[in-house]
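Right, one structure below, let's go through it.
Numbering starts at 1 and runs along the sequence shown.
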Amino acid sequence: MRECVRTPDSRFENLPDYDFEPHYVEVDGMRMHYVDEGPRDGDVVLLLHGEPSWSYLYRHIIPPLRDAGLRVIAPDLIGFGRSDKPTRKSDYSYAGHVAWMMSFIEALDLSDINLFCQDWGSLIGLRVAAENEQRFARIALGNGALPTGDQAVPRAFRIWRTFALYSPWFPIGRILQMGTVKELSAAEVAAYDAPFPGRRYKAGSRAFPKLVPIRPDDPASDANRAAWETYKQWIKPFLTTFSNRDPIMRGGEKLWQESVPGAKGQEHVIIRNAGHFLQEDKGSEIADELIRFIARGT
């Protein structure tokens with residue numbers, strides 16, 4: 001029997017620059033939260049966050065996309081934000097997160113999706129898109145990957161993985177600060193902490209690093225290899241927007257540009273002076289790139 005906790009609504013009051021109306025849908029017996037801004041008949045933009053952030057990460061990207069006439073949807077992954085949080089790390093798996101996200105998309109009946117994904121949002125989103133290509137129009141990838149366990153893992157990631165699994169101290173807001181170039185305000189750090197008032201709320205964020213495939217025989221490796229075969233034939237538009245100051249993902253855009261047919265001829269960008277959480281460092285710039293990418297059509 002899965003045990004879940006739900007962060008009290010009071011924790012989300014008066015967060016800086018995050019006054020979006022909450023929306024909820026049931027996924028696998030759990031409540032999943034999402035932001036849904038803009039016209040319902042607008043082109044859909046799906047923004048997927050990673051680890052250990054939540055949809056607060058997109059607070060500076062959502063308004064300009066909305067104001068451009070796009071329908072912007074930013075869910076909180078199960079275990080994060082205002083979504084329900086299973087309390088045991090064993091409740092989380094890579095396949096489970098993919099299934100939960102697909103259930104979310106089906107519940108909202110989203111189609112012609114313009115996907116932007118980063119960090120674990122890319123590990124999940126790229127799998128969902130590869131396995132449900134008919135629902136996606138284009139993909140923009142920022143500081144993300146689809147690992148199979150066949151490649152060497154950066155030392156910085158191994159350090160992070162060990163810290164997440166074993167450190168008795170796991171301050172979400174300060175971890176976000178370590179992944180940005182700009183200095184977050186105390187209120188912004190507190191906003192990233194808001195969904196996680198105690199240890200039982202952090203099982204999902206603790207579990208994620210261990211779920212990254214780092215061995216060829218990882219449970220997710222075969223499915224990710226199959227997804228890569230799809231991307232080697234992917235002709236829909238595919239844009240990379242990696243940053244230049246991410247110690248883990250910097251340079252990872254080259255593999256996608258060389259491997260994905262839909263990446264050929266795109267106006268790929270390097271986001272300058274931005275860290276791992278490029279949405280935090282350069283949100284308005286990313287929003288502008290996404291608006292142009294969608295407007296180009298091809």
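Looking at D76 and S55, their side chains do bring a donor and an acceptor atom within 3.5 Å of each other. K282 and S243 are not linked by any side-chain donor-acceptor pair at a separation below 3.5 angstrom, with hydrogens and angles left out of the test. Side-chain atoms of E289 and T241 form no donor-acceptor pair, as typed in the model, at a separation below 3.5 Å.
Within a 6.0 Å radius of NZ in K210, no more than 12 heavy atoms belonging to other residues, nucleotides or ligands are found. Under a cut-off of 6.0 angstrom, the local environment of CZ in R199 is sparse, with at most 12 non-hydrogen atoms contributed by other residues, nucleotides or ligands. In R31, the CZ atom is crowded: over 12 heavy atoms of neighbouring residues, nucleotides or ligands sit closer than 6.0 Å. Within a 6.0 Å radius of CZ in R40, other residues, nucleotides and ligands contribute more than 12 heavy atoms. Counting non-hydrogen atoms of neighbouring residues, nucleotides and ligands closer than 6.0 angstrom, the NZ atom of K264 exceeds 12 such neighbours.
Salt bridge R206/E51: absent, no basic N to carboxylate O contact under 4.0 Å. Looking at E106 and R135, no side-chain N of the basic residue comes within less than 4.0 Å of a carboxylate O on the acidic one, giving no salt bridge. Looking at E285 and R272, no side-chain N of the basic residue comes within less than 4.0 Å of a carboxylate O on the acidic one, giving no salt bridge. Using a 4.0 Å cut-off between charged side-chain N and carboxylate O, K85 and E3 make no salt bridge. A salt bridge links R6 to D84: one of the charged nitrogens lies within less than 4.0 Å of a carboxylate oxygen. A salt bridge does not link R11 to D193: none of the charged nitrogens lies less than 4.0 Å from a carboxylate oxygen. Between D43 and R71 there is no salt bridge, since no side-chain nitrogen of the basic residue lies less than 4.0 Å from a carboxylate oxygen of the acidic one. Ion pairing between D28 and R2 holds under the 4.0 Å rule for side-chain N and carboxylate O.
One distance of note links CZ of R88 with CZ of R200; it measures 10.0 Å at 0.5 Å rounding.
Ring planes of F80 and F208: parallel class, angle under 30° (limits at 30 and 60°). The aromatic rings of F238 and Y231 stand perpendicular to each other, their planes meeting at an angle above 60°, with 30° marking the opposite boundary.
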Show, in sequence, the C-alpha distance, side-chain angles and deciding distance for D150 and R225, and conclude whether the salt bridge (charged side-chain N to carboxylate O under 4.0 Å, His left out) test is met.
CA-CA 10 Å; D150 299 311; R225 291 188 191 103; 2.9 Å; yes
Using the side-chain hydrogen bond (donor to acceptor under 3.5 Å, both in side chains) rule, take E280 and Y192 through it: C-alpha gap first, then chi angles, then the decisive distance, then the call.
CA-CA 12 Å; E280 188 65 63; Y192 280 114; 2.4 Å; yes
I would like to know whether L47 and I73 meet side chain to side chain contact (heavy atoms under 4.5 Å, CB included); could you show each step before the answer?
CA-CA 6 Å; L47 306 174; I73 297 175; over 6 Å; no
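Note that R127 lies in the cation-pi zone of Y94, set by a 6.0 Å cut-off to the ring centre and a 45° limit from the axis. Geometrically, R138 engages F293 in a cation-pi contact defined by less than 6.0 Å to the ring centre and at most 45° from the axis.
Nearest approach of L48 to G125, heavy atoms of both residues: CD1-CA, 3.6 Å. The heavy-atom pair separating M101 from L77 by the smallest distance is CE-CD2, 3.5 Å.
W228 and W256 have their aromatic ring centers within a separation under 6.0 angstrom. Here the two rings, on W54 and Y18, have centers that are under 6.0 Å apart.
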